[in-house]
Colleague: 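Sending over a structure as structure tokens; questions will come in a sec.
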Amino acid sequence: MLDFLWNLGSFIVALGILITAHEYGHFWVARRCGIKVERFSIGFGKAIWRKVGQDGTEYVVAMIPLGGYVKMLDERVEDVPEELKDQAFNRKTVWQRIAVVSAGPIANFLFAIVALYLMYLIGVPSLKPVIDTTRANTPAAQIELKEPMQIVAVSGQKVRNWEEVNLALVGHIGGKELDISLVPLSSTTASEKTYTLDIRDWQFDPDKESPIGAIGLGIYRPGIKPVIALVTNGSAAEIAGLQLGDEILKVNGQPYQDWNDFVDVIQTSANKDVNLTIARNNEQLTIIVTPQAQTNANGETIGIVGVSPTQIDWPESMRFQLEYGIVDSFAAAADKTWQLVVVSFKMIGKLFTGDVSVKNLSGPISIAQGAGTSADYGLVYFLGFIALISVNLGIINLMPLPVLDGGHLLYYFIEVITGKPVPEKVQDIGFRFGAVMLLLLMSIAIFNDFSRL
């Protein structure tokens, strides 16, 4: 329940900030173009707060925080007094109308730059992208690894941490090949070695693994101590009497080898007794635990006991703070925003070509979970998250669906070319079509959200 409330609160804060930025873009440019703004609303439905400013605009915060709007004076919507007609939206030039409509998405992109600027100014705790294994029958299987290697570039694009690697890989989904450049972690002077991976058959299910794992890269992780660091409430481990700090010595009479072997034994022993020999307070104890049966993502029944091991700390040589100065942070933020825009447009294009499955679409539930998780990690991660969502919000609004900003812009550019407005009847048909398409996309996204729960 607490997780739900935290996610919900973080979702409302994140969406409220992004909607305000978007609608303020429309509002600010409309005022500069001499258009009378009647209402500035964050949210839909019943107003929970309202105030009429000295400018005559009614400012509203409404009950449903899933959008917002700027209501401008418009003769197509209502009767306008003669003395106010020059302030009506429809009386403005087509270029002024284009400026007002495009200002919302532009504001989202600018907000992303501001959020990322603050993120880089504060500094992001990061890990070097180091791999120590590759998986057979994957594009990365051809990479030869004799020691841990650091990824320094993906198809010529420099990468410094795993987040940048992930973003670079996503941009190549549906492509034919990509290059991965590596250097040995043990040497700072060795030359790069570049591998060209065939990715024509590369696909991944975002519900099951990341692009990094799907392409076959094994992320280097420090060793694991067989010392229990977490016992889940109500789990088989708690029922059996396992405690924090217990060290696993033997599993079914066999000396403990590594954590993966232990997990294999547990997963193949659903509802079967497993004998564990542990060390506790300088004594050896034998505990019988019965893994609880659970169905995994592949529909297979596996055993779960509900414990986590102690993770050895990451080496200092692999940890660093990704941060910039006051000026350089702006350049880094602008560059990152541009990368997000490019990758997002590529992904939308690949949705239409079929290179990317509609399973990748996410709705409000996934956004709420992402907001809660990032906020839980800290301010810098929350800033990065809302920058990503802000870019996507701006791009979605630029899609040429008549119910969105992009649809309005499409009509206005047609007007620029033809010299006359698109007929009202054609616009009305377009708005109906756009509403159906948007509802379809939202339905798919929400269905995906529920299927991931």
Side-chain angles (χ1 to χ4, degrees), residues 1-7 10 124-133 148 161-162 185 208-210 212-213 218-297 300-321 369 372-381:
M1 185 63 180
L2 288 177
D3 285 343
F4 170 77
L5 293 175
W6 177 256
N7 290 345
S10 301
V124 186
S126 299
L127 292 170
K128 293 179 180 179
V130 177
I131 60 174
D132 59 359
T133 58
N161 56 25
W162 281 115
L185 185 63
K208 297 179 181 178
E209 58 185 340
S210 70
I212 297 166
I219 298 176
Y220 167 85
R221 301 182 188 280
I224 291 174
K225 294 179 181 178
V227 177
I228 295 175
L230 173 69
V231 178
T232 305
N233 291 334
S235 65
E238 185 182 56
I239 294 170
L242 286 171
Q243 300 177 10
L244 297 182
D246 287 350
E247 182 180 357
I248 301 172
L249 302 176
K250 295 181 180 180
V251 181
N252 285 335
Q254 298 298 315
Y256 170 90
Q257 297 294 327
D258 64 41
W259 191 258
N260 288 333
D261 289 341
F262 171 71
V263 171
D264 287 341
V265 171
I266 296 300
Q267 289 186 341
T268 56
S269 303
N271 298 322
K272 299 177 183 177
D273 290 347
V274 176
N275 292 296
L276 299 180
T277 302
I278 64 166
R280 180 189 297 168
N281 298 327
N282 297 320
E283 293 184 45
Q284 286 193 14
L285 304 173
T286 298
I287 290 182
I288 298 175
V289 61
T290 306
Q292 297 166 338
Q294 189 175 94
T295 303
N296 65 13
E300 303 167 338
T301 299
I302 60 173
I304 298 290
V305 294
V307 295
S308 295
T310 298
Q311 186 85 40
I312 297 175
D313 291 338
W314 288 90
E316 286 296 326
S317 61
M318 292 181 60
R319 302 193 309 193
F320 68 101
Q321 189 84 347
Q369 291 173 333
T373 301
S374 61
D376 199 34
Y377 286 154
L379 177 60
V380 291
Y381 298 100

Colleague: How about Gln292 and Ile239: do any of their side-chain heavy atoms sit closer than 4.5 Å?
Modeller: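 In contact.
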Colleague: Rounded to the nearest 0.5 Å, what separation is found between the CD1 atom of Ile304 and the CD atom of Gln267?
Modeller: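 The CD atom of Gln267 is 6.0 Å from CD1 of Ile304, to the nearest 0.5 Å.
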Colleague: For Ile288 and Val274: C-alpha separation, side-chain torsions, deciding distance, then whether side chain to side chain contact (heavy atoms under 4.5 Å, CB included) applies.
Modeller: CA-CA 6 Å; Ile288 298 175; Val274 176; over 6 Å; no
Colleague: Do Arg319 and Pro125 make a side-chain contact, defined as non-hydrogen atoms from C-beta onward lying under 4.5 Å apart?
Modeller: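 Not touching, per the 4.5 Å side-chain cut-off.
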Colleague: With no hydrogens and no angle check, is any side-chain donor or acceptor of Lys225 less than 3.5 Å from a backbone partner on Glu247?
Modeller: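 Checked: no pair found.
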Colleague: Could you measure the distance from the CD1 atom of Ile248 to the CD1 atom of Ile228? Nearest 0.5 Å is fine.
Modeller: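 Here the interatomic distance stands at 5.0 Å.
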Colleague: Can you list the steps and then say if Val231 with Gln243 is a side chain to side chain contact (heavy atoms under 4.5 Å, CB included)?
Modeller: CA-CA 7 Å; Val231 178; Gln243 300 177 10; 5.9 Å; no
Colleague: Salt-bridged, Arg280 to Glu283, with N to O below 4.0 Å?
Modeller: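 Answer for the salt bridge query: no.
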Colleague: Under 3.5 Å, is there a donor-acceptor pair between the side chain of Asp273 and the main chain of Thr290?
Modeller: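 Not confirmed, Asp273 side chain does not pair with Thr290 backbone.
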Colleague: Write down the atom of Pro309, the atom of Ala229, and the distance for their closest heavy-atom approach.
Modeller: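 Minimum heavy-atom separation between Pro309 and Ala229: O-CB, 3.4 Å.
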Colleague: Quick one: CG on Leu244 to CG on Leu230, what's the gap to the nearest 0.5 Å?
Modeller: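 Rounded to the nearest 0.5 Å, the CG-CG separation comes to 7.0 Å.
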Colleague: Would you check if the side chain of Ser317 reaches a backbone N or O of Pro315 as a donor-acceptor pair within less than 3.5 Å?
Modeller: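 No, Ser317 side chain to Pro315 backbone: no donor-acceptor pair under 3.5 Å.
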Colleague: For the residue pair Trp314 and Arg221, what are the closest heavy atoms and their distance?
Modeller: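 The pair with the smallest heavy-atom distance is CH2-CA, 3.8 Å.
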Colleague: Are Leu242 and Leu276 packed together at the side-chain level, in the sense that at least one heavy-atom pair is separated by less than 4.5 angstrom?
Modeller: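 They are in side-chain contact.
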